[in-house]
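Working notes for the structure below.
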Amino acid sequence: MKYTLWTLAVLAVLSSSSCQSPDSNRLEDAGIIPIPSAISSASGVFELGDDSSIQLMGTSEDLTRVGNYLADKLRPATGYDIPVSSGSGDLILELTDGEASEKYSIEITSEQVKISSTSAAGLYYGMQTLIKAFPVEIENTSKVDVDWVLANGTIEDEPEFAYRGAMLDVARHFISMEDVKHYIDQMGSLKFNYLHLHLSDDQGWRIEIKSWPKLTEIGGKTEVGGTEGGFYTQEEYSEIVDYAADRFITVVPEIDMPGHTNAALAAYAELNPGVNLPDGDFATMTEGKIDFDILDKNPEPAELYTGIEVGFSTFATNKEITYTFVEDVIRELVELTPGPYIHIGGDESHVTEKDDYIYFVERVQEIVTKYGKKSIGWDEVATAKLLPGTVAQFWALEENAKLAKEQGNQILMSPAKRAYLDMQYDSTSRLGLHWAAYIELDDAYNWDPATYADGINKSDILGVEAPLWTETIASRADIEYMAFPRLAALAEVAWSTNERRNWEDFQKRIAQQGKRWDINGIGFYRSPKVNW
Ligand code: TNX
C-alpha cells in the first residue's frame with residue numbers, strides 16, 4: 001500500500017512537470033512571441049536532419065528570399081546544408097492562391113513542416129514563428145549539438161492590427177546604419193511591419209536633402225550633449241529602406257515641423273520667423289504680427305542646440321520660402337519612399353500661434369497629397385482640418401484623438417504611458433526619462449489599444465507604434481537596454497488579439513525569448529517581473 005502511494009506521487013510529479021516544463025515538447029510551450037491566433041499540438045515530433053531541405057511552392061522573388069532567409073537562419077547552429085529549391089523538401093514554403101494577406105498557417109508532422117500563405121509576407125511571419133518553435137540554441141552562429149526537434153501540431157495566425165510600428169529617434173542622438181539594421185532585424189523577428197524614422201528635430205537634421213545641402217552640413221553636425229552628430233546620405237537612406245523592405249518592413253520618414261526645427265533654423269536663417277529690425281533689434285513672430293515691409297531682411301540663423309528641452313522653435317509659417325522649402329524636402333523624401341506615408345511631425349509647437357499652426361499643418365498635408373502620399377502627424381495635428389487618409393498618432397491627448405475620429409481619420413496608438421520605450425522602467429533605471437510614467441514590462445504589456453482611450457475603438461485604430469526617443473540614449477547597448485524586453489511586449493499588443501494575450505503566459509514565453517537574446521548578444525533589461 002505504502003509502495004503504491006509512493007509510486008502514484010512520483011507519477012504525479014513527473015506528469016505535472018512534463019506539462020509545465022518549458023523544455024517539454026508541446027508547441028504551446030515553445031515560447032512564441034507574439035502569440036499566434038491558434039496553436040494545437042499533436043503527439044510526436046518533427047526532427048530536422050542533415051538531409052533536410054527547403055521546398056518552395058509557387059513563384060515569386062520574395063518567396064525565394066524567404067526560403068533563403070530560413071536556410072540562412074537554420075544552417076549555422078545545425079551545421080546542415082539545407083538546400084533551397086522548387087524540387088522537394090521536408091520544409092515546405094507554399095504560396096497559395098487568393099487575395100494576398102499576412103495570414104499564414106503552419107502544419108508540423110513527423111514527416112514534414114509546411115508553411116502556407118497567400119503572400120510572401122505571410123510566409124515570412126510563418127518562418128519567424130517556426131524559428132521560435134525550434135530549441136533556443138538555433139540562435140547560435142556556430143554548430144551546437146542539439147536534437148533539432150519541433151513538436152507536431154498546427155498553428156493558424158494573422159495580425160490584429162495592419163500597422164505594427166517601431167520608431168527610432170535618430171535626431172537627438174544619431175544612430176548608425178549598422179545599429180538601425182540591427183534594430184530592423186529584431187523588428188522583423190517580432191513581426192513589426194513599419195519603421196518610423198524621426199529624421200529631424202531641434203538637435204539634428206539627419207537626412208541629406210540635395211536642394212538644401214546645409215541642412216546636413218550644418219544641421220547634422222552635432223547631437224545631444226555636443227558630441228559629433230551625423231546624417232544619412234540619400235544612398236545610405238535607400239539602403240536602409242531596402243534592408244527593411246527585405247524584411248517586409250516599410251519605412252516612414254518623419255520631418256518634424258513647424259516646431260522641433262532648430263537644426264533647420266540653424267542651417268537656413270530665412271526659415272526663422274524672426275526679422276532683423278532696421279535699428280538692429282530682433283523681433284519674433286510669436287510676439288505679434290510682423291511689419292511686412294521688413295520681411296525681405298533675413299533674420300539671424302538659430303544656434304545649434306545640444307540640450308534636451310522641447311517646444312522652443314518654429315518655422316516662419318507666414319513666409320512663402322517656408323513652403324518652398326517644405327515642398328522641396330517632401331519631394332526629395334517621396335522619391336526615397338516606396339511606402340504610403342510621410343510623417344509631418346506637428347507635436348509641441350509651443351511657440352507657433354494656434355492659427356499659424358493650423359494654417360501650416362493644412363498646407364503641408366496638401367503638399368504631401370500632391371506627391372501621392374498620406375500624412376501621419378502627432379495627435380496635435382487633429383486640431384487642424386485633416387485630409388482624408390491622414391493618420392493622427394496618439395501620444396498624449398485623448399481629445400486630439402477624438403478630433404481625428406470625428407473627422408473620419410484613423411489613429412495610430414502610441415500612448416506615452418505604455419508605448420514609450422524611452423520611459424524608465426522604475427526609479428533605478430540607468431537611462432531614460434519619466435515625464436509620462438515608469439513603464440515596467442507588465443505596464444507595456446497589459447493594455448488594450450481598443451479600449452485605452454475613451455471613445456476610440458478598434459475600428460478607429462490603424463495600429464500600434466512603439467517610439468524610442470533618444471535624449472538619453474547614445475549607443476547600441478543603450479538602445480537594447482531600453483527596447484528589450486518591452487519591444488516584444490508591444491509586438492504582441494500590436495499583433496495578437498486582446499483575448500489571446502495573457503500576462504502569466506507571456507512571462508514564461510519572454511523568459512525563453514531572453515535565452516535567445518542572450519545567445520544573440522542582446523543586452524536586454526532583466527525585468528524583476530520575469531524569472532529569466
Ligand atoms: C515628447 S512624443 C516628444 C518628444 C520627446 C519625448 C520624450 C512627442 C510627439 N514629443 O519630442 O523626445 O517626449 O519622451
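Order of appearance sets the numbers: ligands from 1, and atoms from 1 within every ligand.
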L433: numbered ligand 1 atoms lying under 4.0 Å from its heavy atoms | 7 (C), 14 (O)
To the nearest 0.1 Å, how far is atom 2 (S) of ligand 1 from its closest protein heavy atom, and which atom is that?
-> Y420 OH, 2.4 Å
Looking only at heavy atoms of H260, does any of them come nearer than 4.0 Å to an atom of ligand 1?
-> yes
Test R164 against every option in E102, E492, E465 by the salt bridge (Lys or Arg N to Asp or Glu O under 4.0 Å) rule and name the one that passes.
-> E102
Considering only non-hydrogen protein atoms, determine which one is nearest to atom 8 (C) of ligand 1 and report residue, atom name and distance to 0.1 Å.
-> D347 OD2, 3.3 Å
Write out the residue and atom name of the closest protein heavy atom to atom 13 (O) of ligand 1, then the distance separating them to 0.1 Å.
-> W435 CZ2, 3.4 Å
If the plane angle is over 60° it's perpendicular, under 30° parallel, otherwise tilted; pick one for F248 and Y124.
-> tilted
Which pairs, with at least one residue in residues 522-532 and sequence neighbours excluded, count as a salt bridge (Lys or Arg N to Asp or Glu O under 4.0 Å)?
-> D442-K529, D518-R526
Can you check salt bridge (charged side-chain N to carboxylate O under 4.0 Å, His left out) on E160 and R500, steps first, answer last?
-> CA-CA 11 Å; E160 176 76 340; R500 190 75 178 119; over 6 Å; no
Backbone N/O of I473 and side chain of H173: donor-acceptor pair under 3.5 Å = yes
Report yes or no: do Y243 and E239 form a side-chain donor-acceptor pair below 3.5 Å?
-> no
Which residue owns the protein heavy atom closest to atom 7 (C) of ligand 1, what's the atom, and how far is it?
-> D422 OD2, 3.2 Å
Could you tell me whether some N/O pair between W378 and ligand 1 is separated by less than 3.5 angstrom?
-> no
Which residues pass the side chain to side chain contact (heavy atoms under 4.5 Å, CB included) test with D443, sequence neighbours left out?
-> R418, I439, E440
Mark up the atoms of ligand 1 that fall under 4.0 Å of a heavy atom belonging to M423, in ascending order.
-> 14 (O)
Below 3.5 angstrom, do we get any N/O pair linking D169 and ligand 1?
-> no
Would you say R172 has any N or O atom under 3.5 Å from an N or O of ligand 1, going by distance alone?
-> yes
Atom 5 (C) of ligand 1 sits nearest the protein heavy atom E471 OE2, 3.2 Å
Answer with yes or no after comparing the ring centroid distance for F174 and Y232 against a 6.0 Å cut-off, counting only values under it.
-> yes
Identity and distance of the protein heavy atom lying nearest atom 3 (C) of ligand 1 | E348 OE1, 3.3 Å
